[in-house]
Student: 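Before we start, here is the structure in question, set down as structure tokens.
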Amino acid sequence: CDPERNGSLLFVVHMIQMLISNSRCKLICACRQALEEYAEAMEELAFKLLELIARSLGLRPDRLHGFFKDQTTFIRLNHYPPCPSPDLALGVGRHKDAGALTILYQDDVGGLDVRRRSDGEWVRVRPVPDSYVINVGDIIQVWSNDRYESAEHRVSVNSEKERFSMPYFFNPGSDAMVEPLEEMVSDERPARYDAYNWGNFFSTRKNSNFRKLDVENVQIAHFRKDRP
Ligand SMILES: O=C(O)CCC(=O)C(=O)O
Ligand SMILES: [Fe+2]
């Protein structure tokens, strides 16, 4: 064993390790920067959508802004590998988005299904290039006292193609108490929900959101005043 040769081998290994971790770091930094820029653009869009929703409810355009001071907004990067038996597996189990708004980017593979209210059928959301799918979440359903509805959806997998999607979940601060807005409540249409704390609701929900459950996860229906 030649200590000099060993030393230079170790040096080469060390250099390779440095190169690998350096390029990994560069990749992570580039990815981080792209995501930060994306998040900024999404936030701008989310506030515009929030204003449109407020207007559609006859409210001041900035009526809902205050709830988003200490946002718990996040982005998820979803990868659904191909599955040889798509009938036996789901990419994401049925659920409703718990937050205020979801701005979903999906590639051209398709797999998002929305439950049609009239007959309970699952309907595929056809991917449209250069466009987003906007989900109204549970919070807007509650704020609007059921004028808006959070749609149930799921993701089916594809037998041949992998699929990518990137939802931006626009959520209020964890201290926010969610309840029907006073402007949405009247003698003819009393508040349909009791107030709940968003932070507690979300931490309970996210622990089991995407598993196939025998029992229903926490839902806004549990806060309905007319629940059985
Ligand atoms: O991948 C999708 O199209 C939707 C994913 C989804 O519903 C979610 O992450 O909440
Ligand atoms: Fe979702």
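As the structure lists them, so they are numbered: ligands from 1, and atoms in each ligand from 1.
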Student: Carefully, step by step, assess Asn171 and Gln71 under the rule side chain to side chain donor-acceptor pair (under 3.5 Å).
Tutor: CA-CA 6 Å; Asn171 296 334; Gln71 290 172 38; over 6 Å; no
Student: Phe169 heavy atoms, cut-off 4.0 Å: which ligand 1 atoms fall inside?
Tutor: 8 (C), 9 (O), 10 (O)
Student: Suppose I only count heavy atoms of Arg76 and a 4.0 Å limit; which atoms of ligand 1 are within that range?
Tutor: 8 (C), 9 (O), 10 (O)
Student: Provide the number and element of each atom of ligand 1 under 4.0 Å from a heavy atom of Asn78.
Tutor: 1 (O), 5 (C), 9 (O)
Student: Identify, by atom number and element, the atoms of ligand 1 in contact range of Pro167, meaning under 4.0 Å from any of its heavy atoms.
Tutor: 9 (O)
Student: What atoms of ligand 1 come within less than 4.0 Å of a heavy atom belonging to Leu104?
Tutor: 2 (C), 3 (O), 4 (C)
Student: Would you give the length of the straight line joining atom OG of Ser156 to atom CZ of Arg163, rounded to the nearest 0.5 angstrom?
Tutor: 9.0 Å
Student: Using a strict 4.0 Å threshold on nitrogen-to-oxygen distance, state whether Asp108 and Lys161 make a salt bridge.
Tutor: no
Student: Using 30° and 60° as the class boundaries, would you call the ring planes of Phe202 and Phe74 parallel, tilted or perpendicular?
Tutor: tilted
Student: Near Tyr80, which atoms of ligand 1 are under 4.0 Å from a heavy atom of that residue?
Tutor: 1 (O), 2 (C), 5 (C)
Student: At a 4.0 Å cut-off, with the gap strictly under it, does some heavy atom of Gln106 reach an atom of ligand 1?
Tutor: no
Student: Looking at ligand 1, would His95 count as a contact under a 4.0 Å heavy-atom criterion?
Tutor: yes
Student: Are Asp175 and Lys69 within salt-bridge range, i.e. N to O under 4.0 Å?
Tutor: no
Student: So how far is it from Phe223 CZ to Tyr193 OH, rounded to the nearest 0.5 Å?
Tutor: 11.5 Å
Student: With heavy atoms only and a cut-off of under 4.0 Å, state how Asp97 meets ligand 1: side chain, backbone, both or neither.
Tutor: side chain
Student: Under 4.0 Å from any heavy atom of Val155, which atoms of ligand 1 are there?
Tutor: 1 (O), 2 (C), 3 (O), 4 (C), 5 (C)
Student: Can a salt bridge be assigned to the pair Asp138 and Arg205 using a cut-off of 4.0 Å between side-chain N and carboxylate O?
Tutor: yes
Student: Only heavy atoms count here, so choose which of Arg163, Met166, His153 is nearest to atom 3 (O) of ligand 1.
Tutor: Arg163
Student: Evaluate the ring planes of Tyr132 and Tyr105, with Trp represented by its six-membered ring, and classify them as parallel (under 30°), tilted (30 to 60°) or perpendicular (over 60°).
Tutor: perpendicular
Student: What is the name of the N/O/S atom of Asp97 that is nearest to the Fe ion (ligand 2)?
Tutor: OD1
